[in-house]
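Worksheet for the structure shown next.
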Amino acid sequence: QNLRDAQQVLAATQGQLEAGTASELDVAQQQALVDGLRATIPALISQEKQEVIGLGILVGRPPEAITIASGTLTRLPVPGVAPGLPIGLLARRPDVAQAEAQIVAENGNVRAARAAFFPAVSLTSSAGWQSTALTALISPGSALFSIGASVAQTVFDNGLLQGQYRQARATEDQLVAAYRQSVLQALTDVENALTALRYTTEQEAIQRQAVASAQRAATIARAQLEAGTVNIITVLNTETTLYGDVSTLAQVRLARFQALIALYKALGGGWHLAPQGA
C-alpha cells in the first residue's frame, strides 16, 4: 500500500515535469522513495515463506500443503482477556503440574500445599489487566517467599516417623523449593504478559491516532503538490512520516498479539477453564 501511494505521487510528479511545473530533481527524489519501498518487499516475502516453512514443521506437513488466508493484522480480531481470572488456572501449567506430581509421588499429600501456594486471589482486575493481588504475590516481601521448611515439616510430613532418614527430609525440602519456584515463575510470567498486553494496547491506540494524523497530512500535501502550491520535499517528508507510522503500527499490533500468546502460555492454556469432565 505504501508503494502504491508513492507510485501515484511519482506519476503525478512526472506529469508536472512534462507540464513544466516540476523539475527532474523532484522526480528523482520521489523515484528514490519508490525504489526504497520496493526494495523492502523481497525481504518481507522471504520472511513470510520462512514462517510458512516453520509452521509446516510444527504441524508436520510440507509447506506446499499449507494455505495461509490473506488478510492483515489490522483485521485480525483481538480476543478479550476475562476479568477476575482465578489463580487456580496456573495449576494447569506443565512445570507446576510436574512439581506437584513429584510431591505426590513422594508422599501423596498436596492439598494443603496447594492452598498455601495458591491463595484465593484473582490474577486479573475487572479491566482485564494485572490485579494488585498478583503484583503483591510476586514481590520479595510476600508470604510466598517465606513458605519453605515449615511447610515441608508440617504439610508434607503426612505421618512420617520422627526417625525417618534425613535424606528423605532433605528430598521433601527440595521438592517444596521446586514447587515454590514453579509457582513464582508462573506468577511472574502472568504478570509480565499482562503488563505487556496492557501497554501494547495503549500504544496501539496512540499509534492509530498518529497514523490518522500522518495520513491527513500526506493527503493535504499531495493535493497541494498537484495544485502547485508546495514542492516535492514537503510531500516526501509527509510520506516518510506516514510510512514510518504505518510500519510502527503493524509492529505494535504484532507485539500485542505476542503478549496475548505469552499470556495464553503463562496460564497453561488460555483464560477459560474447561468444563467439568472435559
Side-chain angles (χ1 to χ4, degrees), residues 1-56 61-79 196-197 199-261:
Q1 181 180 350
N2 291 345
L3 178 60
R4 287 195 300 268
D5 291 344
Q7 288 174 328
Q8 291 176 358
V9 175
L10 176 61
T13 308
Q14 290 171 334
Q16 291 181 338
L17 175 62
E18 295 174 359
T21 57
S23 67
E24 292 185 2
L25 177 60
D26 295 337
V27 175
Q29 289 175 319
Q30 184 63 25
Q31 182 68 59
L33 178 61
V34 170
D35 293 341
L37 290 171
R38 185 181 289 113
T40 64
I41 294 178
L44 295 174
I45 295 176
S46 174
Q47 181 181 355
E48 178 189 13
K49 292 185 179 299
Q50 292 178 37
E51 295 291 349
V52 173
I53 293 172
L55 181 59
R61 299 171 58 190
E64 297 79 8
I66 297 178
T67 301
I68 305 297
S70 61
T72 67
L73 286 175
T74 304
R75 298 190 183 96
L76 192 64
V78 179
L197 178 60
Y199 290 106
T200 52
T201 300
E202 294 181 4
Q203 186 180 4
E204 182 182 349
I206 297 172
Q207 191 61 33
R208 285 187 181 278
Q209 296 177 356
V211 169
S213 299
Q215 182 65 66
R216 182 171 179 271
T219 300
I220 294 173
R222 291 165 184 167
Q224 291 180 343
L225 176 67
E226 294 178 359
T229 57
V230 298
N231 57 28
I232 192 63
I233 299 299
T234 302
V235 178
L236 286 171
N237 289 336
T238 58
E239 284 184 324
T240 301
T241 300
L242 173 61
Y243 301 153
D245 286 342
V246 169
S247 297
T248 301
L249 177 59
Q251 295 168 6
V252 171
R253 190 163 179 81
L254 175 60
R256 185 180 177 189
F257 279 110
Q258 289 173 332
L260 280 166
I261 294 171

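Residue pairs that meet the salt bridge (charged side-chain N to carboxylate O under 4.0 Å, His left out) test with at least one member in residues 62-74, sequence neighbours left out, do not exist here. Sorted by first and then second residue, the salt bridge (charged side-chain N to carboxylate O under 4.0 Å, His left out) pairs involving residues 207-220 (not counting sequence neighbours) are Glu204-Arg208. Pairs passing the salt bridge (charged side-chain N to carboxylate O under 4.0 Å, His left out) check and including a residue from residues 16-38, sequence neighbours excluded, read Asp35-Arg38. Each side-chain hydrogen bond (donor to acceptor under 3.5 Å, both in side chains) pair with one or both residues in residues 2-17, not counting sequence neighbours, would appear here, but there are none.
With sequence neighbours excluded, the residues forming a side chain to side chain donor-acceptor pair (under 3.5 Å) with Gln50 are Ser46, listed by chain and number. With sequence neighbours excluded, the residues satisfying side-chain contact (heavy atoms from CB on, under 4.5 Å) with Ile45 are Ile41, Lys49. Legend: residues meeting side-chain contact (heavy atoms from CB on, under 4.5 Å) with Ala210, ordered by chain and number and at least two apart, are Gln207, Asp245. Residues meeting the side-chain contact (heavy atoms from CB on, under 4.5 Å) test with Ala205, sequence neighbours left out: none. Remark: Leu76 pairs with Leu73, Phe257 by the side-chain contact (heavy atoms from CB on, under 4.5 Å) rule, at least two apart or across chains.
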Side-chain donor-acceptor pairs under 3.5 Å in residues 233-242, sequence neighbours left out?
{"from": "Thr234", "atom 1": "OG1", "to": "Asn231", "atom 2": "OD1", "distance (Å)": "3.4"}
{"from": "Asn237", "atom 1": "ND2", "to": "Ile233", "atom 2": "O", "distance (Å)": "3.3"}
{"from": "Thr238", "atom 1": "OG1", "to": "Thr234", "atom 2": "O", "distance (Å)": "3.3"}
{"from": "Thr238", "atom 1": "OG1", "to": "Val235", "atom 2": "O", "distance (Å)": "2.8"}
{"from": "Glu239", "atom 1": "OE1", "to": "Gln30", "atom 2": "NE2", "distance (Å)": "3.2"}
{"from": "Thr240", "atom 1": "OG1", "to": "Leu236", "atom 2": "O", "distance (Å)": "2.8"}
{"from": "Thr241", "atom 1": "OG1", "to": "Asn237", "atom 2": "O", "distance (Å)": "3.0"}

Side-chain donor-acceptor distances from residues 222-230 under 3.5 Å, at least two apart:
{"from": "Arg222", "atom 1": "NH2", "to": "Tyr243", "atom 2": "OH", "distance (Å)": "3.4"}
{"from": "Thr229", "atom 1": "OG1", "to": "Gln224", "atom 2": "O", "distance (Å)": "3.1"}

Can you list the steps and then say if Ile232 with Val9 is a side-chain contact (heavy atoms from CB on, under 4.5 Å)?
CA-CA 9 Å; Ile232 192 63; Val9 175; 4.3 Å; yes
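Side chain of Thr200 to main chain of Leu197: a donor-acceptor pair is present (N/O by atom type, distance under 3.5 Å, no hydrogens or angles).
The structure places CD of Glu51 at 11.5 Å from CD1 of Ile66, a figure rounded to the nearest 0.5 Å. Note: Leu17 CG to Leu25 CG = 11.0 Å, rounded to the nearest 0.5 Å. Taken from CD1 in Ile261 to CZ in Arg256, the straight-line distance is 13.0 Å, to the nearest 0.5 Å. Distance check: Leu10 CG to Leu33 CG gives 9.0 Å after rounding to the nearest 0.5 Å. Annotation: the span from Thr248 atom OG1 to Ile206 atom CD1 amounts to 13.0 Å, rounded to 0.5 Å.
In this structure, Ala6 and Leu37 approach most closely via the heavy-atom pair CB-CD1, 3.7 Å.
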